[in-house]
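These notes are about the structure you will find just below.
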Number of protein chains: 2
Amino acid sequence: MQLSNHNPSPQNLDAIFAALADPTRRAILSKLATGEAGVNELAEPFEMSQPAISKHLKVLERAGLVERAIDKQRRPARLKAKPMAAAVTWLEDFKEFWSSSFDQLDDLLETLKQAELKEPPK
Amino acid sequence: MQLSNHNPSPQNLDAIFAALADPTRRAILSKLATGEAGVNELAEPFEMSQPAISKHLKVLERAGLVERAIDKQRRPARLKAKPMAAAVTWLEDFKEFWSSSFDQLDDLLETLKQAELKEPPK
DNA sequence: TAGTTGCATAACCGTATGGTTATATAATGA
DNA sequence: TCATTATATAACCATACGGTTATGCAACTA
């Protein structure tokens, strides 16, 4: 039995997790959780150029985690919930599935412990 | 107020999310959730060379998601729970924080779960 | 001892990432 | 009309990623 690879937004999980893998982008998301923000506004706390932030926003957009609006010259970004939920769902499904095979894991732990006893690490 | 970026295993979140961003690695994790597996065993389902799988395992190891053991010539991999929990924690913290402001994500998660129940994977 | 198995490592390749500076563009404001 | 603001885009750079083939090597097996 395999974990279904599967439900929420399958192929997009790549983009979603990749987007979450950068600390600047996670910080941007945190900031956006308090409300929409424009590019310069987002760039300010980081010691980073405006184009760099624009690129990060593009990554977040591609992952579907962020939407842009139009407000005069501004292009304020705001969060989108759904893809984030996809990531949560994958992890929670995984956690659930994994817990359900705890018997096997216990066996393994035992096996590994025996092996380590006979042949201690490094 | 900002989302605290410091809770679980801060710096490792980069490596953890990056590791989760590849479908082959997610599949490996799924497989490993059913029990330990050697490299060739892991490589078999994928149309991919053994060195490629070894590299993926290194990424998973660096992220702390996987441990290697020694069993004769084999180097079986098994899951490690803690870092996975770190990712879940970050996402759930985020969810909580965001929901407290907007109250959207919980609804969405609920919706997605319903959808999965009605429309089972592949 | 010789062959085989299980894996790691090295060298290489094309493409993607994450940053930069410089420049373009579109909308506002004077 | 002209300057300013907010952002995008281009060109470039170094490094990382995800794959390959070739090779090395330790540990079993015959």
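Convention: sequence-line order gives letters A, B, ...; per-chain numbering from 1. Hydrogens, waters and symmetry mates play no part in the numbers below; they use all other heavy atoms, side chains included. The model shown is predicted, which means the values in this text are computed figures rather than measured ones.
Of the listed nucleotides (dG19(C), dT17(C), dA22(C)), dT17(C) has the atom at the smallest distance from the side chain of Arg62(A). In this structure, the nucleotide among dG18(C), dG18(D), dG6(C) sitting nearest to the side chain of His56(B) is dG18(D). Out of dA27(D), dA8(D), dG19(C), the shortest distance to the side chain of Gln73(B) is found at dA27(D). Here dG18(C) is the nucleotide among dG19(D), dT20(C), dG18(C) with the atom lying nearest to any side-chain atom of Asp22(A).
In this structure, the CG atom of Leu57(A) is 12 Å from the P atom of dG19(C), given to the nearest Å. For the pair Ile53(A) CD1 and dT21(C) P, the interatomic distance rounds to 14 Å; values are reported in whole Å. The nearest whole Å value for the distance from the CD atom in Gln50(A) to the P atom in dA24(C) is 15 Å. Distance Glu47(B) CD to dT20(D) P: 10 Å, rounded to the nearest Å. The separation between Lys55(A) atom NZ and dC12(D) atom P is 13 Å, rounded to whole Å. The CG atom of Asp71(B) sits 9 Å away from the P atom of dC7(C) (whole-angstrom rounding). If you take CG of Asp14(A) and C1' of dG18(D), they are 12 Å apart, rounded to a whole angstrom. One interatomic measurement links the two molecules: CZ of Phe17(A) to P of dA16(C), which rounds to 22 Å at whole-angstrom precision.
Phosphate proximity of dG19(D) to Ser49(B): absent, as no side-chain N or O sits under 4.0 Å from OP1 or OP2. Distances shown here put a side-chain N or O of Arg25(A) below 4.0 Å from the OP1 or OP2 atom of dG18(C). Between Lys72(A) and dT7(D), a side-chain N or O to OP1/OP2 separation shorter than 4.0 Å is absent. Residue Ser54(B) places at least one side-chain N or O under 4.0 Å from the OP1 or OP2 atom of dA8(C). Remark: Arg68(B) is in phosphate contact with dA8(C), judged by side-chain N or O atoms under 4.0 Å from OP1 or OP2.
Each of Asn40(B) and Ala18(A) was matched to the nucleotide of DNA chain C holding its nearest heavy atom; the match closer to the 5' end belongs to Asn40(B).
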Exercise. Could you go through the salt bridge (charged side-chain N to carboxylate O under 4.0 Å, His left out) check for Glu36(B) and Arg74(B) one step at a time?
Key: CA-CA 11 Å; Glu36(B) 62 139 57; Arg74(B) 298 177 65 241; 3.4 Å; yes

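For the pairing with Arg25(A), the side-chain contact (heavy atoms from CB on, under 4.5 Å) check across Val59(A), Leu57(A), Leu20(A) returns one residue only, Val59(A).
In this structure, Phe17(B) and Phe17(A) have parallel ring planes: the angle between them is below the 30° cut-off, well short of the 60° mark.
For the pair Asp14(A) and Asp22(B), the minimum side-chain heavy-atom distance is 4.5 Å or more. At a threshold of 4.5 Å between non-hydrogen side-chain atoms, the residues Glu67(B) and Glu61(B) do not count as touching.
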